[in-house]
Each structure stands twice: as structure tokens, then as C-alpha cells.
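Residue numbers begin at 1 in each chain, while the letters A, B, ... track the order of the sequences.
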Amino acid sequence: MLARPRDFEALQERGAIRSNALLAARTLRTENGITRFGLATGRTLGSAVVRNRVRRRLREAIRSMLPSLRPGWDVLLIARPAILGADHQAVMQALRRLLAKGGVLDEEVR
RNA sequence: CGAGGCGGUCGGAUGGCCGCGCGUCGCGGGGCAACCCGUCGGCGUGAGGAAAGUCCGAGCUCCACAGCGCAGGGUAGCGGGUAACUCCCGUCCGCCGAGAGGCGAGGACCAGCGCCACAGUGACGAUGCCGACCGAGCCUUCGGGCUCGGUUUGGAGUGAAACGCGGCAAGCUCUACCCGGAGCAAGGCCAAAUAGGAGGGCGCAGCCCGGUUCGCCGGGCGACAGGCGCGCUGCCCAGCCCUCGGGUCGGCCGCAUGAGCCGUCGGGUGACCGGCGGCCCCAGAUGGAUGGCCAUCGCCGUGCUACCGCGAGGCGGCGCGGCACAGAACUCGGCUUACAGGCCGCGCUCGCUGA
RNA sequence: GGGCCCGUAGCUCAAUGGCAGAGCAGCUGACUCUUAAUCAGCGGGUUGAAGGUUCAAGUCCUUCCGGGCUCA
């Protein structure tokens, strides 16, 4: 469910970007039939402990909306500092909006 | 009782639902097999005392290497511990503290070089002032006074330090001892596609012109075989096939049993060492596994409040907020730094009080 | 994960161990109708932090903090 260095470069160059207060997302269609996620947590977020926690919470949010994803997308999620103070509900909502806008989320489930 | 000192130790607990990494068993699939794969299920297991900073020291791996020296870097009372250390223990000395105690890169100005600002006569080259002493000259009321030169056993003053075998080596340096370089992105193995390399095999047709050292070379014409999936037309070209090694993407190993932990006995002032017995063997990721939601309890802060007490306060109930520093990445031994709140020990200290 | 470098005024940089400076920028005044330029003057620093060596530390030593580069 994760991407390799080459895929990150592709997302940086050609991915469509959308963002809100908590997150930014780059999305890119692929041909390999599965949807993959990459998580970016920069040094400005905080220490290793803080960055690990942010990634875990994002993974949990992604997991809970796994069934309603469309196949064939690469998604890079970039965490923004405001996510540190957000609770789980807020993270879920932010992620759902970004994915729906990008067309990664299935319309009916939305 | 209060204030401290030293050493050690813990660093939230229990449970529910969902989820993750690794190991193992089962099931299913692939393969002759070794083994590999997973939308699956069961069981087991899963961060620290600092995992951190990367400041030292080792193991391990590759490279280099006859020996010795030079260069470069490091260490520095003395003795011991250790695989090793800049670490640890003991002890001497110096400094700090009222004390328990803490801190210390603590060898040598012997050889050479350098530095010692300001102040001060003078900072290593010396001798200014007062005084004392010696000598010479002048004056004299014969008590002595003045001037000049010399000496430094005294004094004042400046300064961190004042002539003394000066001080400074966390200045160069000297002395003694130690050190080869890189680092797990080390290094090893497997190994696509494309291109290129080596070896072998197969295949081709020659003719003409020019040059020639008679080995061949250059140009032109031509097209059997070969290639474009096959046939014809057409087009292309000197190759085509096999094997081998290097090597990129990618994958696997290295990769977790170790200077290991616990108990006990013995030796040693101690660091530590030795014997015996036991051990659930206790994380192994590779975009990097511990999370999400919730309940109960514990601790801390805060607000309201019942009761007890003259009072400082004590003891309950309820609500809200919080629970430190921080996340393994080849592995150990140290050091340093960060850290809410506790617990234990001392035949350690000081103060007050009581017997 | 490993290796290496840097840190002085708002900015760019100096300073044999001996009172921390230069240029630009800033402020005040002059010149000008005004601005720019020019001239005169002024302020501004825990030398990243804390210890140590020294009579004396930006400089020497140690430990932290912050920033940057690099590897296949």
C-alpha cells in the first residue's frame, strides 16, 4: 500500500495537488490496477515520536475508508502542522474531502 | 523533625472491539525439489533508561601491509580493572564547600623558539626614588651639609608575576606510551531488459577497377544463404546461434546466543574476577511495524461541596484538564545530554529538640 | 544509519590571547522647491549557550544548541 522513491518523484512532477488546513494531497492515475498511498511527514512537524504518531493516525484513517476506494491511483499525503491538534474525527473528514475531490473515492459511498 | 550528600531502582495498571510487523503451525496455490507466495485462520511475540547526541572505545567486514623510522592524531601524578577506552576503582596532591562530599588534560620551561597588554625605573635586556655603605670634590660656625660616581644585605610604589634556577606548554615544543584506512549505504550471493566485451560454432559468391611490401587494402557491381512471423512482391543487411564473465533495476544474506540475563558461593578496600545452578531466550522493520475508539483504577493540578476542628488544616464526594523525556535500524562497553512523578538503602553530614 | 563543515551589529565579512571593527543598511542634521546623490555626526553586540585553562578568551579545551552539505 506504499510507494517507492521513483513513484514519489512521479507524484511530485505530475500529481494533481489539493489541500486543506490539515493535509495536502497529490494524486496520480496509474495503470497497475491498485491504489497506493505514500505519507510525508516533514521535520517541521516535530520529533521522531510526533512524526511517527502522525503517520500511524493517517494510516488508521486510510484503513477505515479502504472499501470505498477506487483502484488505480497513487496518492501522496503531506501532513501539515495543524494536524497535531486535530482529533481523529477531524482527520477523517479532511482525508475524505481530499480523496473525493481527487476522484479516488467512490461516488456512491461518498 | 528539618535541610542536605552519596548510591541504587521504577518510570502508570487492568480489560473490551477493530488494526499492524515478525516467528510458527494449519489451509490453499506454484514447483521434481530446496523453497516461494497469501484475499485466510490459530498460537506466540513486539521499543528505552536514555533506544537520543554521535563524544570515545571495541567486535565484525572490505581495502592496504616485510621490518623500523619520519609525518599526522591522541593520552598524561601513581597503582589497579577491562576485549578496549578519553571509561571505571583505589590512592597522593591542588582547588571549592561549615560538613557529608564535589571538581581537576595534575609529566617537563632541562634543549630551542615565542609571549608576558595596561601600569611600572625595570617583564628577563635590567637599577629610577628613599635609605644604608664606600670613594672623590666643594663648603664649613668643625656638629656636619651639598654635588658626583659606585655597591644593593633594607624600604616604598606598580603589577597576576619584580630578578629568583621568574612565569606561561587546554603556546609551538620536549619526554613516555598508544594509533594503518574506511565503514553494515561495510561486504557477500542470486540476477531481468537493453547495450557493449571474450570464446566457440554455423553461414556467405563472386566479378570488375585501382593500389600493393604479394600478406592484403580501397571503391563499384551483385545477392546464394540469413533477417523483416510465413509465401509472393518489395525492402534491409553482414551477419546469425550458443556459451562465459563483468554489471544496472530488483531480490536474498549479513541480521540477532551476546565481553548475555538471574540466583548463589568464594576472592578482593574497590572497580572487578572465578566456581556452581538456572533462563520465558527477550523486537528485527526496510517509505520503515506498538496504533484508533472506549471503560475502570492510580497519580498530579484545579473548581464546587458534605463532615470534623477555635484555628492552621484533616478526611470524603462530584466535575474538568493533564500523565515526563522520548521511538530500535549491524551489535556491544562507556561518556554526555533530556526527563512528570515516585520507591529503597547508607555503621553519611549539618541544624533544632527530647531522653 | 554513517561521514563532514559552519555560527561575530539588521545583512556581507574582519580581528599575532591584550579596550570587538569595516562596508552596506538605519537614525539625526546640512545642501535642495522636494527626492536621490553628497557631506557631517550618532546609535546598534551576553561574539549561538554553558563550564574550564589563563592575570586576561571572539580566539585555546570540553559539552550542549541551531543550521547546512554528503553517501547508493
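- B:U212 is unpaired under the Watson-Crick or G-U wobble criterion, no partner having all donor-acceptor distances under 3.5 Å.
- Nucleotides B:U61 and B:A186, compared at atom P, are 16 Å apart to the nearest Å.
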Short heteroatom pairs, N/O only, protein and nucleotides 290-295 of chain B, under 3.5 Å:
unit_1, atom_1, unit_2, atom_2, d
B:U290, OP2, A:R56, NE, 3.0
B:G291, N2, A:E60, OE1, 3.4

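- Taking atom P in both B:C178 and C:U8, one finds a spacing of 43 Å when rounded to whole Å.
- With RNA chain B read from its 5' end, the first of the two nearest nucleotides for A:S47 and A:A40 is the one closest to A:A40.
- Glycosidic conformation of B:G114: anti, with the torsion beyond 90° of 0.
- Computed from coordinates, the A:L58 CG to B:C20 P distance equals 17 Å when rounded to whole Å.
- Across all strands shown, B:C190 is found opposite B:G250 as a Watson-Crick or G-U wobble partner, with both distances under 3.5 Å.
- Glycosidic conformation at B:C65 (O4'-C1'-N9-C4 for purines, O4'-C1'-N1-C2 for pyrimidines): anti, more than 90° from 0.
- Using a 4.5 Å heavy-atom threshold, the side chains of A:L58 and A:L95 count as separate.
- Look at the P atom in both B:A193 and B:U290: the space between them is 39 Å, to the nearest Å.
- To the nearest whole angstrom, the two P atoms, one in B:G254 and one in B:C244, are 28 Å apart.
- Remark: C1' of B:C18 and CD1 of A:I62 are 17 Å apart, rounded to the nearest angstrom.
- Side-chain contact between A:L28 and A:W73 is absent, with no heavy atoms from C-beta onward closer than 4.5 Å.
- Between A:L45 atom CG and B:G287 atom C1' the separation is 16 Å, expressed in whole Å.
- In this structure B:C165 sits in no base pair that meets the Watson-Crick or G-U test at under 3.5 Å.
- Partner A:E60 forms a side chain to side chain donor-acceptor pair (under 3.5 Å) with one of A:R56, A:R63, A:R57 and no other, that one being A:R63.
- A:L76 has its side chain out of reach of A:T27: every pair of non-hydrogen atoms, C-beta onward, lies at least 4.5 Å apart.
- Counting heavy atoms from C-beta outward, A:M92 and A:M65 have side chains that approach closer than 4.5 Å.
- Residue A:T41 comes nearest to A:A79 through the heavy atom pair CG2-CB, 4.2 Å, listed as atom of the first residue, atom of the second, then distance.
- Using N1 to N3 plus N6-O4 or O6-N4 for Watson-Crick, or N1-O2 and O6-N3 for G-U wobble, each under 3.5 Å, C:A22 pairs with C:U12.
- In this entry C:G45 has no Watson-Crick or G-U wobble partner, no candidate having both defining distances under 3.5 Å.
- When the C1' atom is compared between B:C255 and B:G284, the two are found 7 Å apart, to the nearest whole Å.
- Pairing for B:C335 is with B:G53, a Watson-Crick or G-U wobble pair whose two hydrogen-bonding atom distances lie under 3.5 Å.
- Residues forming a side-chain hydrogen bond (donor to acceptor under 3.5 Å, both in side chains) with A:N52 (at least two apart in sequence, or on another chain): A:R55.
- Taking atom CZ on A:F37 and atom P on B:C20, their separation rounds to 16 Å, with Å as the unit.
- Across B:A198 and B:G222, the matching C1' atoms stand 34 Å from one another, rounded to whole Å.
- Remark: A:A24 pairs with A:S19, A:I78, A:R80 by the side-chain contact (heavy atoms from CB on, under 4.5 Å) rule, at least two apart or across chains.
- Across all strands shown, B:G12 pairs with B:C297; the Watson-Crick or G-U wobble distances both stay below 3.5 Å.
- Glycosidic conformation of B:G215: syn, with the torsion inside 90° of 0.
- Annotation: B:G101 and B:G5 have their C1' atoms spaced 6 Å apart (nearest Å).
- Using a 4.5 Å heavy-atom cutoff, the side chains of A:V75 and A:L98 are not in contact.
- Remark: B:C177 base-pairs with B:G74; criterion is Watson-Crick or G-U wobble with both hydrogen-bond distances under 3.5 Å.
- Per the geometry, CG belonging to A:N52 stands 15 Å off P belonging to B:G48, to the nearest Å.
- Here, B:C87 and B:G21 have their C1' atoms 37 Å apart, quoted to the whole Å.
- Glycosidic conformation of C:C13 is anti; the angle lies outside 90° of 0.
- With its glycosidic angle within 90° of 0, B:G143 adopts the syn conformation.
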